[in-house]
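As structure tokens, the structure follows; a few thoughts come after it.
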There are 2 protein chains.
Amino acid sequence: MHISTASKISGLPVKTVRYYADIGLVSAPCRSEAGYRIYDDAAVRKLAFVRRARQFGFSIDECRELIGLYEDQRRSSADVKRIATNRLAEIARKQLELKSLHDELEHLVNACKGDHRPDCPIIDSLGNRQNPIESDPAP
Amino acid sequence: MHISTASKISGLPVKTVRYYADIGLVSAPCRSEAGYRIYDDAAVRKLAFVRRARQFGFSIDECRELIGLYEDQRRSSADVKRIATNRLAEIARKQLELKSLHDELEHLVNACKGDHRPDCPIIDSLGNRQNPIESDPAP
DNA sequence: TCTTGACCTTACAGTTGCTGGAAGAATTAA
DNA sequence: TTAATTCTTCCAGCAACTGTAAGGTCAAGA
């Protein structure tokens, strides 16, 4: 099948399919005489695999590693679990970060009257906070 | 003060301070005879303001808007609240996204034995289904 | 047969928000 | 005076694509 079909089935944009071939992540198994990329079911499955992994936030390099394991019938599940567990920890870290961000900003938004007057705790907080290095503001 | 001092006080790397000047976000008020950027307290406060806003995840364009409001003594707090509320909604959206990602991946990691054998629910899930969120079995 | 139009190719530029490095001028310390 | 530091500009590169230009291929219709 041509690249547009592979694109539709895998759920990836044509541009991205071509990009993944360029960087050697998932290549078309062969070319037509005119130079068109020809994909088969196995390649399309790999593309969809990568799409899913990317949705999970795995980096391209991690996808490379996962594709390797995906293709390796002798892999141990421990190898896969290790990568996924790292990813899980990273997601949890980001969740914490977002939560504190959210709480702080929500506090500011709630404190702001949101009227026509210039007094605004949000601006005040952004402007008046002390920086982390020199905590001695100018007089 | 020179750029390195402004950098230390504002908490931004020198490179970033120069970058913010290049893109017209926060410029040095003047230059020395030798062409060095000379910063004053007001400019440094703006740099620190942007640093805080960036920590909150405001984009450079949003920072531009916020700096405009920061400098405008006649702004209404409603203008600021609108931007911050949008940002808050965006953060909440990302939190939800991360949560479903986390739950799903955690489920897979728990289901994986992590031993020397090749059977791995993580790989299976990435490869064998169109979409594990809507657990539609393949036809 | 010619032409239209959909589809394919490569190559390069742009996105965001910086960061690193090179080459050279200015300042400061020893 | 010399060496080290700090400053300047400009160019390249990061991730992971996306957009655009210029052109080749292929099937179908007038």
Side-chain angles (χ1 to χ4, degrees), chain A residues 1-40 43-44 46-67 87 90-91 94 97 101, chain B residues 1-40 43-44 46-67 87 90-91 94 97 101:
Chain A
M1 67 189 84
H2 285 172
I3 197 170
S4 61
T5 310
S7 156
K8 281 190 193 86
I9 300 179
S10 68
L12 287 169
V14 170
K15 267 283 184 188
T16 304
V17 176
R18 226 176 259 131
Y19 173 70
Y20 286 168
D22 285 351
I23 63 172
L25 181 57
V26 179
S27 304
C30 63
R31 297 275 185 137
S32 74
E33 284 198 10
Y36 288 14
R37 289 176 183 81
I38 304 294
Y39 286 86
D40 58 10
V44 168
K46 280 189 233 170
L47 286 171
F49 177 96
V50 170
R51 183 177 63 82
R52 292 265 310 137
R54 292 285 301 133
Q55 280 177 353
F56 275 109
F58 289 98
S59 72
I60 292 290
D61 271 358
E62 282 169 326
C63 287
R64 231 181 266 278
E65 206 174 346
L66 285 170
I67 278 277
R87 184 89 269 279
E90 181 66 15
I91 292 175
K94 274 193 190 153
E97 206 177 292
L101 215 58
Chain B
M1 67 189 85
H2 285 170
I3 197 169
S4 60
T5 310
S7 157
K8 280 187 194 90
I9 300 179
S10 68
L12 288 168
V14 169
K15 271 282 189 187
T16 304
V17 175
R18 225 176 259 131
Y19 172 71
Y20 286 169
D22 284 351
I23 63 172
L25 182 57
V26 179
S27 304
C30 63
R31 297 276 185 136
S32 75
E33 283 198 13
Y36 288 14
R37 290 176 183 81
I38 303 293
Y39 286 86
D40 59 9
V44 168
K46 280 189 234 171
L47 286 171
F49 177 96
V50 170
R51 185 177 62 80
R52 293 264 311 142
R54 292 286 301 136
Q55 280 177 351
F56 273 109
F58 290 97
S59 72
I60 292 291
D61 271 357
E62 284 169 327
C63 287
R64 230 181 266 277
E65 207 174 346
L66 286 170
I67 279 279
R87 183 89 268 281
E90 181 65 16
I91 291 175
K94 274 194 191 152
E97 206 177 292
L101 216 58

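In what follows, chains carry the letters A, B, and so on, assigned in the order in which the sequence lines appear, proteins first and then strands, with residues in each chain numbered from 1. When reading the values below, keep in mind they use all heavy atoms of this one structure, side chains included, and skip hydrogens, waters and symmetry mates.
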*Please state whether the phosphate of C:dA26, meaning OP1 or OP2, lies under 4.0 angstrom from any side-chain nitrogen or oxygen of B:S32.*
no
_Non-hydrogen side-chain atoms of A:Y39 and A:T5 separated by less than 4.5 Å_ = no
*For A:I38 and C:dC8, what is the distance between atoms CD1 and C1' respectively, to the nearest whole Å?*
10 Å
*With respect to the side chain of B:I3, which nucleotide from D:dC7, C:dT27, D:dC17 is positioned closest?*
D:dC7
*Spell out, as yes or no, whether a donor-acceptor pair under 3.5 Å connects the side chain of B:S10 to the backbone of B:S7.*
yes
*Upstream residue (5' side of DNA chain C) when B:I60 and A:K8 are each assigned their closest nucleotide*: A:K8
*Closest nucleotide of DNA chain D for A:A34 versus for B:D22: which of these residues is on the 5' side?*
B:D22
*For D:dC10, take OP1 and OP2 only and decide whether either is under 4.0 Å from a side-chain N or O of B:R18.*
no
*Nearest to side-chain heavy atoms of A:K15, which nucleotide of D:dT18, D:dT20, D:dC7*: D:dT20
*asked:* Is there a side-chain contact between A:R37 and the phosphate of C:dC8, meaning an N or O under 4.0 Å from OP1 or OP2?
replied: no
*asked:* Does A:Y36 contact D:dG24 through a side-chain donor or acceptor facing the base, at a distance under 3.5 Å?
replied: yes
*Ignoring hydrogens and angles, tell me if any N or O in the side chain of B:R87 forms a donor-acceptor pair with the backbone of B:I91 under 3.5 Å.*
no
*Could you check how far CG of B:L25 sits from P of C:dT16, rounded to whole Å?*
14 Å
*Rounded interatomic separation in angstrom, taking CZ from A:R51 and P from D:dC17*: 12 Å
*Can you check the A:M1 CE to C:dC8 C1' distance for me, whole Å?*
16 Å
*Is the backbone of B:E62 close enough, under 3.5 Å, to the side chain of B:E65 for a donor and an acceptor to pair up by distance?*
no
_Nucleotide C:dT16, atom P - distance to CZ of B:F58 in whole Å_ = 18 Å
_Euclidean distance, atom CG of residue B:D61 to atom C1' of C:dT15 [Å, nearest integer]_ = 12 Å
*Counting side-chain heavy atoms from C-beta on, which of C:dC8, C:dT19, D:dC17 comes nearest to A:S4?*
C:dC8
_Stepwise side-chain contact (heavy atoms from CB on, under 4.5 Å) test for B:M1 and B:I38_ = CA-CA 5 Å; B:M1 67 189 85; B:I38 303 293; over 6 Å; no
_Looking at C:dG17, I'd like to know if its phosphate oxygens (OP1 or OP2) sit under 4.0 Å from a side-chain N or O belonging to B:R64._
no
*Any side-chain N or O of B:Y19 under 4.0 Å from OP1/OP2 of C:dT16?*
no
*Could you state the CD-C1' distance from B:E33 to C:dA26, rounded to the nearest angstrom?*
12 Å
*For the pair made of CG in A:L12 and C1' in D:dT18, what is the distance, rounded to whole Å?*
14 Å
